[in-house]
Number of protein chains: 2
Amino acid sequence: MEKILLVDDEPDILEFLRYNLVKENYQVLTAKNGRDAINKAQKEMPHLILLDVMMPELDGIETCRVLRQIPELDNTIIVFLTARSEDYSQIAGFEAGADDYITKPVKPRVLSSKIKALFRRVAVSDEIPNTIQAGNLIIDKEKYLVSKEGADIVLPKKEFELLVLLASKPNRVFTREEIYAAIWGNQVIVGDRTIDVHIRKLREKIGESYIKTTKGVGYKFEIK
Amino acid sequence: MEKILLVDDEPDILEFLRYNLVKENYQVLTAKNGRDAINKAQKEMPHLILLDVMMPELDGIETCRVLRQIPELDNTIIVFLTARSEDYSQIAGFEAGADDYITKPVKPRVLSSKIKALFRRVAVSDEIPNTIQAGNLIIDKEKYLVSKEGADIVLPKKEFELLVLLASKPNRVFTREEIYAAIWGNQVIVGDRTIDVHIRKLREKIGESYIKTTKGVGYKFEIK
DNA sequence: AGTCAGGTTAAGTTATTGTTAATATTGCGA
DNA sequence: TCGCAATATTAACAATAACTTAACCTGACT
């Protein structure tokens, strides 16, 4: 369920928007000014912020600028609510980092269809870079699957992570230390044959030719 | 060709509107009061209904409310014809489920451009798929129904949501965290066997072959 | 030959998931 | 509002897959 933060200084509008969005099954939070919005946004990490442009003190444009500074909110969609499609505010708004506009008076169906469309857009653009091509292997991080010439290979977690690591920079040699750090982290301690065994299993499954040992240094995913 | 239903108690206006819309190549039906409109709408399934607000007996607002109860007319656009842009009627109208307004006196060019714009918008937002086809399962999110080879399967809420989530991206592995976040949200905390049990129930009902476990990672809805 | 780095195998260990039944919660109709 | 039935969650234990380790092997280089 998507979380939406509404920001407007007029309680009536806030209520009107909330009513319509709750009906569409969104989780709705509200803030009544810019400062409030920034706090709540940081705490709640909403997926979308609907932000009135005209507000006393910190206006929508300024609020948006501040919000866009927060790296955690990078994937948050910001939509402006403007009185009319004034060219001025639109330009300023997009420059401040808004994703879209809705003009007042807000029509419920426009509201919901626009928001739906925005979420859809995000959902689509999200699925782009989840696969690594390396030689004739395709590694799909999302599906946790490796396919080799059409055939799917299922790998256990550690083996998959190992492969992803090595294949993420083909031909680069990863030392054992690097591999430990990346896959086990600094907390876990494992014996010194563990990686070798995983490498063995991996080679068995994807074929012996991909992973090369550089003695005294480490392993690499070789791609000619 | 789009079908438009005109509703107004004044024959002159009706005739005026029809003339202008027929010219634009729409298929035009008319009704002279709210009751009539509801009947014709159900029978004819128009793509758009142009509805006068001021009508004796059942007024436009009320008619609209009734129309919006009819699920088949969900995708029908409802446009109000109002004497002037009174704030009151606008709000009431939008709450009743209208999509837009046209104010009287109606200018033919405004009429046709507005209607064109509305159809264009619907054409875009219409692609929201309310049904997922996955293997030989058809999942209808609207009807909360799953059918497998013609037979309907009724699923409890949680199981249904789980299925929808997994089937929304077939073959993608969802981690337990993702599943928790999607179905329970960040607020609720449930024990660590809860998902498993729901998975069990689901598999019992839809068949064992669809949902695959990727140990250490999560679950996926597999579709070959 | 001795040492060092890594390879291999199988057996042990642990972590994760499956399963069932019991318990809690919810929603709904009388 | 009560009580029932349907759902949802938890608990306890079983099953299984993944991971790690130990013991031994191989080959290269000195």
Side-chain angles (χ1 to χ4, degrees), chain A residues 1 25 141 143-146 152-166 173-222, chain B residues 144-146 152-166 173-222:
Chain A
M1 194 207 274
N25 245 308
K141 292 198 241 178
K143 297 179 185 165
Y144 253 82
L145 256 177
V146 179
D152 283 355
I153 304 167
V154 214
L155 297 178
K157 198 174 163 196
K158 284 267 149 49
E159 287 165 43
F160 189 83
E161 286 174 356
L162 186 51
L163 175 60
V164 166
L165 177 67
L166 296 178
V173 181
F174 288 82
T175 65
R176 286 160 172 273
E177 282 69 36
E178 287 175 313
I179 295 173
Y180 277 123
I183 296 183
W184 282 267
N186 300 319
Q187 332 289 8
V188 193
I189 300 162
V190 287
D192 63 343
R193 294 272 65 76
T194 304
I195 288 185
D196 309 41
V197 175
H198 285 302
I199 293 278
R200 170 91 297 272
K201 299 260 176 73
L202 243 183
R203 284 174 172 159
E204 269 171 19
K205 285 171 191 162
I206 64 172
E208 304 289 330
S209 61
Y210 299 98
I211 298 170
K212 301 282 184 185
T213 306
T214 307
K215 259 197 160 180
V217 189
Y219 298 94
K220 71 177 167 185
F221 187 93
E222 192 175 68
Chain B
Y144 248 79
L145 253 176
V146 179
D152 283 356
I153 304 168
V154 218
L155 295 178
K157 195 169 157 208
K158 284 271 146 52
E159 287 166 43
F160 189 82
E161 285 174 358
L162 186 52
L163 176 60
V164 166
L165 176 68
L166 296 178
V173 179
F174 288 82
T175 65
R176 282 157 176 275
E177 282 71 36
E178 288 174 312
I179 296 172
Y180 276 123
I183 296 183
W184 282 267
N186 300 320
Q187 331 290 8
V188 193
I189 300 163
V190 288
D192 63 344
R193 295 268 66 74
T194 304
I195 288 183
D196 310 39
V197 177
H198 285 301
I199 292 277
R200 171 92 297 273
K201 301 260 177 75
L202 244 182
R203 291 204 243 223
E204 270 170 17
K205 284 169 192 163
I206 64 171
E208 305 286 331
S209 61
Y210 297 97
I211 298 170
K212 300 280 184 187
T213 306
T214 307
K215 248 195 162 175
V217 188
Y219 297 94
K220 71 177 166 185
F221 186 94
E222 192 174 69

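To find a chain, count down the sequence lines: A is the first, B the second, and so on, and within it residues start at 1.
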Whichever of R203(B) and R203(A) has the more 5' nearest nucleotide on DNA chain C, that residue is R203(A)
Would you mind reporting whether L162(B) and L155(B) have side-chain heavy atoms less than 4.5 Å apart? no
For dG18(C), does OP1 or OP2 lie under 4.0 Å from any side-chain N or O of R200(B)? no
Without decimals, in angstroms, what is the distance between D196(A) CG and dC4(C) C1'? 13 Å
Is any side-chain N or O of Y219(A) closer than 4.0 Å to OP1 or OP2 of dG7(C)? yes
Rounded distance (Å) that lies between atom P of dG6(C) and atom NZ of K212(A): 16 Å
E161(B) has an atom CD; how far is it from atom C1' of dT9(D), in whole Å? 15 Å
How are the rings of F221(A) and Y210(A) set relative to one another: parallel (under 30°), tilted (30 to 60°) or perpendicular (over 60°)? parallel
Should T213(B) be listed as having a side-chain N or O under 4.0 Å from OP1 or OP2 of dT16(C)? no
I want to check something: taking the side chain as every heavy atom from C-beta on, are F160(A) and V217(B) in contact at a cut-off of under 4.5 Å? no
List the protein contact pattern of nucleotides 14-21 of chain D with one symbol per nucleotide (5' to 3'): B for base contact, S for sugar-phosphate-only contact, - for none; contact means a heavy-atom distance under 4.0 Å. --BBSSBB
Contacts of T213(A) that satisfy side-chain hydrogen bond (donor to acceptor under 3.5 Å, both in side chains) - sequence neighbours left out: R203(A)
In whole angstroms, how far is the P atom of dT9(D) from the CZ atom of R176(B)? 14 Å
Rounded to whole Å, the OH-C1' distance (Y180(B) to dA8(D)) equals 13 Å
Just so I know, are the side chains of T175(A) and Y180(A) near enough to count as touching, which here means a heavy-atom distance under 4.5 Å? no
Rounded to whole Å, how long is the line connecting atom OH of Y144(B) with atom C1' of dG27(C)? 14 Å
May I have the distance from I211(B) (atom CD1) to dT17(C) (atom P), rounded to whole angstrom? 14 Å
Decide side-chain contact (heavy atoms from CB on, under 4.5 Å) for E159(B) and I153(B); before the verdict, give the C-alpha distance in whole Å, the side-chain angles of both, and the deciding distance to 0.1 Å. CA-CA 11 Å; E159(B) 287 166 43; I153(B) 304 168; over 6 Å; no
Would you mind listing every salt bridge (charged side-chain N to carboxylate O under 4.0 Å, His left out) that reaches into residues 188-201 of chain A, with sequence neighbours excluded? R176(A)-D196(A), R193(A)-D196(A), R200(A)-E204(A), R200(A)-E208(A)
What's the CZ-C1' distance between F160(B) and dA6(D), to the nearest Å? 17 Å
